[in-house]
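Everything numeric here is computed off the predicted structure, so don't read it as measured data. A note on names: the letters A, B, ... follow the listed sequences, proteins ahead of strands, and every chain is numbered from 1.
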Protein chains: 2
Amino acid sequence: MCDLYYKSNRQYPKEVHEQVEQKLRDLEVKSGKRLGSKENPLLVSVRSGAAASMPGMMDTILNLGLNDDTLKGLVKQTNNERFALDCYRRFIQMFGNVVLKISHDKFENIIEQSKRLKGMKLDTELNVDDLKKITDRYKILVKSETGRYFPEDPKTQLRMAIDAVFDSWNNDRAAAYRRIHDIKGLAGTAVNVQEMVFGNIGEDSGTGVAFTRNPATGDKKIFGEFLINAQGEDVVAGIRTPEPIEKMEAVMPKAYEQILGIKDRLERHYKDMQDIEFTIEKGRLFILQTRNGKRTANAAVKAAVDMAKEGLITEEEAILRIEPSQVDMLLHKSVDPNAKSTVIARGLAASPGAASGEAYFSAAKAKGMAEEGRSVILVRNETSPEDIEGMHSAQGILTARGGVTSHAAVVSRGMGKPCIVGAESLAIDENSGSFSADGMTVREGEMITIDGTSGAVMLGEIPLTEPEFGEEFGTLMKWADSVRMLKVRANADTPEDAGRARELGAEGIGLCRTEHMFFEQGRIRAMREMMLADTTRGRKKALEKLLPMQKSDFKGIFRAMNGFPVNIRLLDPPLHEFLPKEKEEISKLAYDMEVSEEKINELLETTREFNPMLGFRGCRLGVVYPEIFEMQVMAIIEAACECADEGVTAIPEIMIPLTGTAKEFELLHGNINKAAEEAMGLYSKKINYSIGTMIEVPRACLVADKLAENAKFLSFGTNDLTQMTFGYSRDDSGRFLKAYVEKGVLEKDPFVAIDTEGVGYLMKLAVVKARNTNMHIKIGVCGEHGGDPDSVEFCHKIGLDYVSCSPYRVPIARLAAAQAVLKEQKIRESSTA
Amino acid sequence: MCDLYYKSNRQYPKEVHEQVEQKLRDLEVKSGKRLGSKENPLLVSVRSGAAASMPGMMDTILNLGLNDDTLKGLVKQTNNERFALDCYRRFIQMFGNVVLKISHDKFENIIEQSKRLKGMKLDTELNVDDLKKITDRYKILVKSETGRYFPEDPKTQLRMAIDAVFDSWNNDRAAAYRRIHDIKGLAGTAVNVQEMVFGNIGEDSGTGVAFTRNPATGDKKIFGEFLINAQGEDVVAGIRTPEPIEKMEAVMPKAYEQILGIKDRLERHYKDMQDIEFTIEKGRLFILQTRNGKRTANAAVKAAVDMAKEGLITEEEAILRIEPSQVDMLLHKSVDPNAKSTVIARGLAASPGAASGEAYFSAAKAKGMAEEGRSVILVRNETSPEDIEGMHSAQGILTARGGVTSHAAVVSRGMGKPCIVGAESLAIDENSGSFSADGMTVREGEMITIDGTSGAVMLGEIPLTEPEFGEEFGTLMKWADSVRMLKVRANADTPEDAGRARELGAEGIGLCRTEHMFFEQGRIRAMREMMLADTTRGRKKALEKLLPMQKSDFKGIFRAMNGFPVNIRLLDPPLHEFLPKEKEEISKLAYDMEVSEEKINELLETTREFNPMLGFRGCRLGVVYPEIFEMQVMAIIEAACECADEGVTAIPEIMIPLTGTAKEFELLHGNINKAAEEAMGLYSKKINYSIGTMIEVPRACLVADKLAENAKFLSFGTNDLTQMTFGYSRDDSGRFLKAYVEKGVLEKDPFVAIDTEGVGYLMKLAVVKARNTNMHIKIGVCGEHGGDPDSVEFCHKIGLDYVSCSPYRVPIARLAAAQAVLKEQKIRESSTA
């Protein structure tokens, strides 16, 4: 066997050439045969090595070394002319297809024609004469398709095959696959050149594939299939149906037993589940290849935990064995892989899982239909906070616009609902209540299925499979928890989410957004009253109506998080988000509020913003209208006091949003303490609350030392921090971010994984500055990045105390946090070794 | 004389009290008189010291120490009862008004009543009896107004007067004045207590004020006025009209000569123009106070240059003597200070100078009327790039919205046109063609006057005064140029602006925005064609039409800047800015372009952005549509080649906007070089061009080391950098920035002066990083801050190579850059001393 690494290029360089010669000589010595010999020819297989499982990569060429002369030698060696001719035909076809790029069908047509001409059934075996004619016609096909004769010289065949492997590394499909699966840092592919053994040399021969464990379930039991009297491609091609590997026991008991033994040896050696290719030549077993087997998420978890228990690997290795992103799949329904579906559009996979439901185009309609017991998919151009209730009612959300951190995406992930965003081919006509895509139209109420894991939008109701948590998953998480240093919290705005977060292992809430609470029925009215009030007194009066509602929200969350910290962010969005936008709604609001439409339009006009992301929101509201934050703080502390009476321990962390200067923090810090004192006074209780701030604007990173003087905690809002550090609006950047990732301007979407070079630089700077003035300050992350494994690793590296993410990503973060520790240990060990 | 410093507070502390006692004893010893003595009473004046010229501050109390007993002593001392009673009356009135806060009018009414009752004319002098009655009634007034008797004890009087001075430091008007004039770092005010001398003791006595030079023109000639037989407040009160000081020569020749001598001595001592208060008591001259005199910008320049030439100060001191912001006033028309006007609204003073014109509410109308020869003020809610032509045609611009760096403000300053923005009380009704403010309505075509230096909007046409450049101004600039290290360039987009910039001393163009060129008649059509093209080919075809137009723009600018570098920024704004917004215009465009309205609406929809500031613009356009930048680079290099034939040396610096990653720069750097090579090939010429980038997004600062590897220059776009570092949209931040400055959250509007703590931190970091990889990289600033003196000083400190600002601010920047060097030298000298 010879392994050659080289990264592509039509002609491999001299060193590789010399290596090929050397290895070939080794093979010849070992086998006693010679490549190109008429007497005792060496035949070899050529396959791509390291990256064999990469789609688009050239896989295998068998029987290389045959030509009219060496064919004779093969006949002499085997005394089996039909077999030899069968090998020759296979070789020309495989080489012609894979190296010379001639369509597979053209070769198959020749076989079919010969059979038809002779009136043979298609599954009849070809005899020596048939095969001779077919190989001749194959050569003619090659000449006519490529303009050149089929290469007769085995060394030329070998060179061309090796070139083809190297070249395929750079073909579009392989490149796309590597990009999608974020495979980096490989120099290129290896090429394996092996002496041929033949599974097609009689009934005592065969070929097959075996997994050392079940790749679907992880069960420790051999799994695979085999074919008698066949070569590798027969298993794949589907012309003959292979038998389950267990049946080998009856047909070839010795070889079967050998496989069982080898499978265990291979697992012991590679310490992972193996995917083995084997051939039996005249009763003798040859292992052609083994590699780590692909497996489902469930199987991955079970196999890893089992192996650790078997002592094959350590618990730490088991933790490192699972891709955190796989965990995602364990937590959501998925489209039944066996179901047929018509994909009519593709968007960005924004929130994993699959869902079916009737398409509705407004939040109100979606809510109404859901209340009638229907399953609903909410289809919108984009969503806004006003759609929250509709999103809650829906099984899944589909938008034509927006990126993976758009409103729809963020909220859906928080809710754990499947969501596809930015399905740009969707043309939504809200008025008529329909959307069209790919030439098809879906009307209101028609069933669709969305797969938020893949981004596919499908017609009709597709069967879904339920998520399962194996016992092993619990074990794995327990191990991970014992290793990790980062705490993991959840972003949750409701008692339900908070409860779910606890179930999934969250150790507190890292971000409770209070604005969603204002959009609920009955509350938005008070909010609007506040906005329409001209005086502080008027605003306070309206806010008083909101206080009891906010208080009851907080009580619910405190109960769910009994004894764990709850980080509550004071009102963040610009006020105009609370106003209606449609003319009709404005009229209705004017009527309800007993003010003129003009007054509302005026308010809309004065609050309208060119760049709301950089506008009048967050702590800026708190500075200009202190009464809003004051009400919220009163509600928080009163809720905590009332919880104490129930025996519930509330640990509120009050978080100021969007701080950019130390003065903002100082001013609001004072106001919050005052309101908190007042609330505690009312109940004659002492609540263990703390005050801190979000770090979202770049400037906050630069003055983190000053913020840390009085802040008890800092929490990076990495979404906004990324937006402002790059100057990318997450609502608008879709139009160039895709091109940026494709052109390699950005390695990854910075809204998915923290941009460590830029945003990360600021974060590191902030951590160092903050700890410099306040050693004990608690620092975390509450952006969407808190659930991204690479970002979690980065947060560990820069010494954060916790990450916070949507409840459904908590297990991912727990695992990623543990892996971060283990990877760091590895690096440390290897650098001290 | 005793000077007491203390920062306010109702009761000054013990140390101050002791100081007062000590100083008082000194005064008593020196004068041989005693405070409160019935025989030989000491009378004093109390005035605020250092901050005497601050409006709202308590000024002076004269004749302190009088009561019914000491009055007798004064009569004895002077043998003049009428005089003594006059002093007593003045004292009660002044003390009552200034310390006890009783309205001045109430005292004056008492005098008027007594005169009327006796049938006396109002300008008749009061006799002893009148004065006795009046002082009695004054005391009754004090009792009834304050509930307390007038303080008889001179020490109590003194303590109360001193308290009042200290207190006035913190009153609203004084605080507002300090905020507006950015007066900081003062511990508080001083109090002067002086022995009284009397200008009201007869015809050989008097009082007056003198400037050592003319405060309006700077001429070296005494300037001032005086009154015979009067006390200080008579000069100010306007009851009697003072005489020009030159007339003293005839009346009191000795005193006059003394003043002339003292004026020169004072100038020699203080090395600055003095504003002197004096009193003549029985022929003897006393100088009560001297301070640096306030002067007009013209006078300031002339006086400083003259003094340097006289050897009174050095050239360096002359440079430091001029507030750079004063230079602004030299360059613009101003409202005649003697004219009467009705101010109907106030906005932000966005671009200095005053202008009168007829109000028009659309750019088209403004342009049309200007073409008919009318003077026009363009009045808009806000302006957009589509208004450029209208702004060009107008004498001045007035907007109801926006901040000092809004579109209207920036463009106006670039054009050197007066502009007021954010005049929020303006209610503009475009449909009816009118605006109302302060209860008055101005219709289309009615005359208004705007003062962009003060922010006042006035009814009708107000007389304006022309700007004047004295010869001394040229001298001062020459001195400044020989001192400064920063180069000063201008932001200019047209040959006219470029020419003006050269006249004002610009050493090149630091920012030539190319987008304005696309809005001109005929060009926007090609631009829109490009946007409507679906293919790269279609876009190129439309761009080809723009190339010759761009080329001719650049040629004009190169000619104006012959031999100086011209930094050209490639297309920056989001494409949607080039599309019409109104329904009617859309229909017209569809008709013109022969496409459906739907197609345009679709384009509008797909290019619409939530946060255009953070959207698809700058180099992002260049990466996705390389053909746009390519056309621009071809136009630049072709223009340079054609200029070379004319003997004009073009030094183009091609600037990539909005870069945030090194990859963006690399990619575009390659594209630009390719296009430039192609263009030079066409002409068989070599052009000395360089490629660099703007630093506008925070991330660019963090990767400046990588950008500097290939960039020849970096230019801080501090407007956008400020927006993104703070997360403040300059279009929207008006709603909270004002409150922020008022509440002290921000010391200054960061769009006016660079925020050195945050934005400046990033700039410093970028400079250090960039110079680390590329020692010779040229680094400048091209934001609005380039013309702000404090910001220029900061740019000098962090070692930039140049600043660039609008042409009219070039002289300011030149002066500020020189001052920065001198201030640094001072600090260095004082630290080594």
Side-chain angles (χ1 to χ4, degrees), chain A residues 381-382 401 424 574 605-618 620-621 623-624 658 660-664 666-667 696-703 706 720 723-737 739-740 743-747 755 757-759 761-762 765, chain B residues 381-382 401 424 574 605-618 620-621 623-624 658 660-664 666-667 696-703 706 720 723-737 739-740 743-747 755 757-759 761-762 765:
Chain A
N381 272 317
E382 66 250 359
R401 296 230 201 80
E424 296 195 347
E605 188 57 25
T606 55
T607 59
R608 187 169 65 93
E609 296 188 309
F610 292 95
N611 296 289
M613 171 55 47
L614 309 175
F616 187 26
R617 63 186 194 96
R620 302 163 196 175
L621 288 173
V623 169
V624 178
L658 215 69
T661 68
K663 282 271 176 68
E664 282 169 329
E666 278 167 35
L667 190 74
E696 295 164 278
V697 305
R699 197 180 189 284
C701 295
L702 309 174
V703 297
K706 284 171 194 156
D720 279 11
Q723 295 196 75
M724 294 182 206
T725 303
F726 274 94
Y728 293 167
S729 154
R730 63 183 181 190
D731 294 311
D732 306 312
S733 56
R735 284 174 58 226
F736 58 88
L737 263 194
Y740 264 39
K743 296 197 181 196
V745 173
L746 293 173
E747 288 199 0
D755 155 50
E757 186 185 36
V759 177
Y761 187 102
L762 285 177
L765 186 69
Chain B
N381 272 316
E382 68 250 359
R401 296 231 199 81
E424 296 195 348
E605 188 58 24
T606 57
T607 58
R608 187 169 65 94
E609 297 189 307
F610 292 96
N611 295 289
M613 172 55 46
L614 309 175
F616 187 26
R617 64 187 193 95
R620 300 161 197 176
L621 288 173
V623 169
V624 179
L658 214 68
T661 69
K663 283 272 175 69
E664 282 169 328
E666 280 167 35
L667 190 75
E696 295 164 278
V697 304
R699 197 180 188 283
C701 296
L702 309 174
V703 298
K706 285 171 194 157
D720 279 10
Q723 296 196 75
M724 295 182 206
T725 303
F726 273 94
Y728 293 167
S729 155
R730 63 184 181 188
D731 293 310
D732 306 311
S733 56
R735 286 173 58 226
F736 58 88
L737 264 192
Y740 264 38
K743 296 197 181 196
V745 173
L746 293 173
E747 286 200 0
D755 155 49
E757 185 184 36
V759 176
Y761 186 103
L762 284 178
L765 186 68

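Neither the backbone nor the side chain of A:D720 comes within contact range of chain B; no heavy atoms are under 4.5 Å apart. Only the side chain of A:T661 comes within contact range of chain B, judged by heavy atoms closer than 4.5 Å. Heavy atoms of A:T606 lying under 4.5 Å from chain B belong exclusively to its backbone. Contact annotation for A:Y761: only side-chain heavy atoms (C-beta onward) come within less than 4.5 Å of a heavy atom of chain B. Neither the backbone nor the side chain of A:L621 comes within less than 4.5 Å of any heavy atom in chain B. Proximity to chain B (any heavy atom under 4.5 Å) is restricted, for A:L746, to the side chain, taken from C-beta onward. The contact between A:V745 and chain B is made by backbone and side chain atoms together, counting heavy-atom distances below 4.5 Å. For a residue to count as touching a neighbouring chain, one of its non-hydrogen atoms must lie under 4.5 Å from one of that chain's; by this rule B:L765 touches chain A with the side chain only.
Without hydrogens or angle criteria, A:E609 side chain to A:F616 main chain gives a donor-acceptor distance under 3.5 Å.
Heavy-atom pairs under 4.5 Å with chain A were tallied for B:V703, B:L658, B:V624, B:D755; the largest tally goes to B:D755. Most heavy-atom pairs under 4.5 Å with chain B: of the set A:T607, A:T725, A:V759, this distinction falls to A:T725. In terms of heavy-atom pairs under 4.5 angstrom with chain A, the leader among B:N381, B:L737, B:L762, B:L667 is B:L762. Ranked by heavy-atom pairs under 4.5 Å with chain A, the first of B:P574, B:G615, B:A739 is B:G615. For chain A, the option among B:P612, B:G734, B:A662 with the highest count of heavy-atom pairs below 4.5 Å is B:P612. Among the candidates B:R735, B:K663, B:R699, the residue making the largest number of heavy-atom pairs closer than 4.5 Å to chain A is B:R699.
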Check step by step if side-chain contact (heavy atoms from CB on, under 4.5 Å) holds for A:L614 and B:N611. CA-CA 8 Å; A:L614 309 175; B:N611 295 289; 5.6 Å; no
Show your working on side-chain contact (heavy atoms from CB on, under 4.5 Å) between A:E605 and B:R401 and close with a plain yes or no. CA-CA 11 Å; A:E605 188 57 25; B:R401 296 231 199 81; 2.4 Å; yes
Take B:Y740 and A:V623 through the side-chain contact (heavy atoms from CB on, under 4.5 Å) test and state the conclusion after the steps. CA-CA 8 Å; B:Y740 264 38; A:V623 169; 3.6 Å; yes
Set out, in order, the CA-CA distance, both residues' side-chain angles and the distance that settles side-chain contact (heavy atoms from CB on, under 4.5 Å) for B:M613 and A:F610, then state yes or no. CA-CA 8 Å; B:M613 172 55 46; A:F610 292 95; over 6 Å; no
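Rounded to the nearest 0.5 angstrom, A:E757 CD and A:E747 CD are separated by 9.0 Å. B:F736 CZ to B:K743 NZ: the interatomic distance, rounded to the nearest 0.5 Å, is 13.5 Å. In this structure, CZ on B:R620 lies 9.5 Å from CZ on A:F726, to the nearest 0.5 angstrom.
For B:E424, the CD atom counts as loosely surrounded, since its 6.0 Å shell holds 12 or fewer non-hydrogen atoms of other residues, nucleotides or ligands.
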